[in-house]
Amino acid sequence: MTKTILGLSGSLRRASFNSGLLRAAADAAPEGTTIRIGSIREVPLYDGDLEAAAGLPGAVQALQAQLAAADGLLLVTPEYNNGVPGVFKNAIDWMSRGDGLGLFVGKPVALIGASPGGFGTILAQSHWLPVLRTLKTRLWTEGRLMVSRAGSVFDDQGNLTDDKTRGQLRDYLAGFASSL
């Protein structure tokens with residue numbers, strides 16, 4: 001039986017290290033596991049008036065459907081100003097609206113990320129913890145992957161070029177997939 005993981009990158013930048021890390025994750029998924037890449041690009045800023053007037057935007061409904069069909073969720077998070085990127089948090093906030101909240105309860109979630117700095121995305125990953133607890137997800141903590149000095153392991157198109165990092169990613173994903 002194939003396991004499906006919804007992968008979301010928290011960056012909108014075309015040559016994003018984190019979007020590249022997510023693409024590499026999709027390529028490195030262990031046998032019997034598929035990582036489906038979702039997109040937060042079309043998710044509008046949360047506005048309760050918009051929700052009341054028009055319901056959930058189509059982009060949010062699509063993400064909710066992808067989450068409902070997935071056995072797990074992989075959040076690939078950049079770190080902006082020592083925390084979670086606003087666009088990423090906004091997308092998760094929208095996804096938890098309406099029936100979406102129940103989709104997170106008990107859902108296995110893994111966190112990874114890449115940063116040009118020397119500490120990877122340790123603070124952003126820590127910043128996600130209260131959000132994921134509030135959503136009652138099942139956070140996978142058996143492994144960690146924080147890609148530091150990402151400019152040296154990704155090319156100018158945001159593609160992962162480093163075999164050592166690719167091996168670490170493969171091991172991380174194998175661990176997460178085996179927990180599903």
Side-chain angles (χ1 to χ4, degrees), residues 5-26 28-29 35-46 59-60 63 66-67 70 72-97 100-101 103-104 107-155 157-162 164-166 168-173 175-177 179:
I5 297 170
L6 172 60
L8 297 176
S9 169
S11 178
L12 302 178
R13 192 170 60 85
R14 186 178 63 251
S16 159
F17 298 136
N18 287 282
S19 295
L21 187 59
L22 178 54
R23 288 191 306 274
I35 296 178
R36 298 202 190 284
I37 297 176
S39 175
I40 66 170
R41 178 166 292 285
E42 302 302 320
V43 175
L45 291 175
Y46 179 74
V60 174
L63 286 168
Q66 291 172 331
L67 183 60
L73 175 62
L74 177 65
L75 299 179
V76 187
T77 188
E79 182 171 297
Y80 298 162
N81 296 316
N82 294 336
V84 172
V87 295
F88 207 4
K89 174 70 167 59
N90 177 70
I92 299 300
D93 288 344
W94 262 117
M95 287 173 69
S96 71
R97 300 298 297 163
L101 182 59
L103 299 174
F104 286 95
K107 183 72 70 174
V109 177
L111 287 167
I112 62 175
S115 169
F119 296 105
T121 55
I122 191 167
L123 295 174
Q125 289 188 34
S126 293
H127 201 197
W128 273 112
L129 299 179
V131 174
L132 297 174
R133 276 194 299 268
T134 297
L135 294 173
K136 299 180 183 170
T137 66
R138 186 167 51 99
L139 180 63
W140 186 70
T141 59
E142 302 291 316
R144 293 183 87 168
L145 184 65
M146 294 167 279
V147 181
S148 303
R149 302 196 187 342
S152 67
V153 298
F154 289 87
D155 65 18
Q157 299 299 308
N159 298 306
L160 182 61
T161 58
D162 183 68
K164 180 180 177 186
T165 304
R166 194 175 302 280
Q168 292 168 336
L169 177 61
R170 199 171 14 260
D171 292 346
Y172 181 91
L173 294 169
F176 180 50
S179 75

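- Arg13 contributes no side-chain N or O that, together with a main-chain N or O of Gly158, makes up a donor-acceptor pair within less than 3.5 Å.
- Nearest heavy-atom pair across Leu63 and Leu6 is O-CD2, 4.2 Å.
- Judged by distance alone, with hydrogens and angles left aside, the side-chain atoms of Glu79 form no donor-acceptor pair with the main-chain N or O of Gln125 at under 3.5 Å.
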Intermediate values then yes/no, salt bridge (charged side-chain N to carboxylate O under 4.0 Å, His left out), Asp93 and Arg97: CA-CA 7 Å; Asp93 288 344; Arg97 300 298 297 163; over 6 Å; no

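- When all heavy atoms of Ser11 and Tyr80 are compared, the pair lying nearest together is OG-OH, 3.8 Å.
- Counting heavy-atom neighbours within 6.0 Å of Arg144 CZ, excluding the residue itself, gives a total of 12 or less.
- Atoms NE2 and CG, on His127 and Asn82 in that order, are 10.0 Å from each other to the nearest 0.5 Å.
- Proximity of a side-chain donor or acceptor of Lys107 to a complementary backbone N or O of Leu67 within less than 3.5 Å is detected.
- With contacts defined as side-chain heavy-atom distances shorter than 4.5 Å, the pair Ile92/Leu135 qualifies.
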Pair Ile35-Leu22, side chain to side chain contact (heavy atoms under 4.5 Å, CB included): steps then yes or no: CA-CA 9 Å; Ile35 296 178; Leu22 178 54; 4.2 Å; yes

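- Note that CE of Met95 is 11.5 Å distant from CG of Asn90, once rounded to the nearest 0.5 Å.
- A heavy-atom distance below 4.5 Å is found between the side chains of Gln168 and Leu145.
- Residues Arg166 and Asp162 are not paired through a salt bridge, judged by the lack of any N-O separation under 4.0 Å between the basic side chain and the carboxylate.
- Although no hydrogens or angles enter the test, the distance criterion places no donor-acceptor pair under 3.5 Å between the side chain of Asn159 and the main chain of Gly20.
- Without hydrogens or angle criteria, Thr137 side chain to Leu132 main chain gives a donor-acceptor distance under 3.5 Å.
- A tilted orientation is assigned to the rings of Phe154 and Phe17, their planes being inclined by 30° to 60°.
- The backbone N or O of Gly120 sits less than 3.5 Å from a side-chain atom of Ser148, completing a donor-acceptor pair.
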Chi angles and distances behind the side chain to side chain contact (heavy atoms under 4.5 Å, CB included) call for Leu139, Leu111: CA-CA 8 Å; Leu139 180 63; Leu111 287 167; 4.2 Å; yes

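- Contact between Ile40 and Ala91 at its shortest, heavy atoms only, is CG2-CB, 3.5 Å.
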Working for side chain to side chain contact (heavy atoms under 4.5 Å, CB included), residues Thr77 and Asn18: CA-CA 7 Å; Thr77 188; Asn18 287 282; 5.7 Å; no

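- Between Trp128 and Phe88, the two ring planes are perpendicular [angle over 60°; tilted spans 30° to 60°].
- Phe176 and Gly72 make their closest contact through CZ-CA, 4.3 Å (heavy atoms, listed as atom of the first residue, atom of the second, distance).
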Residue pair Leu21, Val147: steps toward the side chain to side chain contact (heavy atoms under 4.5 Å, CB included) verdict: CA-CA 9 Å; Leu21 187 59; Val147 181; 4.2 Å; yes

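- Of all the heavy atoms in Trp94 and Val43, the pair that sits closest is CD1-CG1, 3.4 Å.
- Formation of a donor-acceptor pair under 3.5 Å by the Trp140 side chain with backbone atoms of Pro108 is not found in this model.
- Proximity of a side-chain donor or acceptor of Ser19 to a complementary backbone N or O of Ser16 within less than 3.5 Å is not detected.
- Contact between Val84 and Ala124 at its shortest, heavy atoms only, is CG2-O, 3.7 Å.
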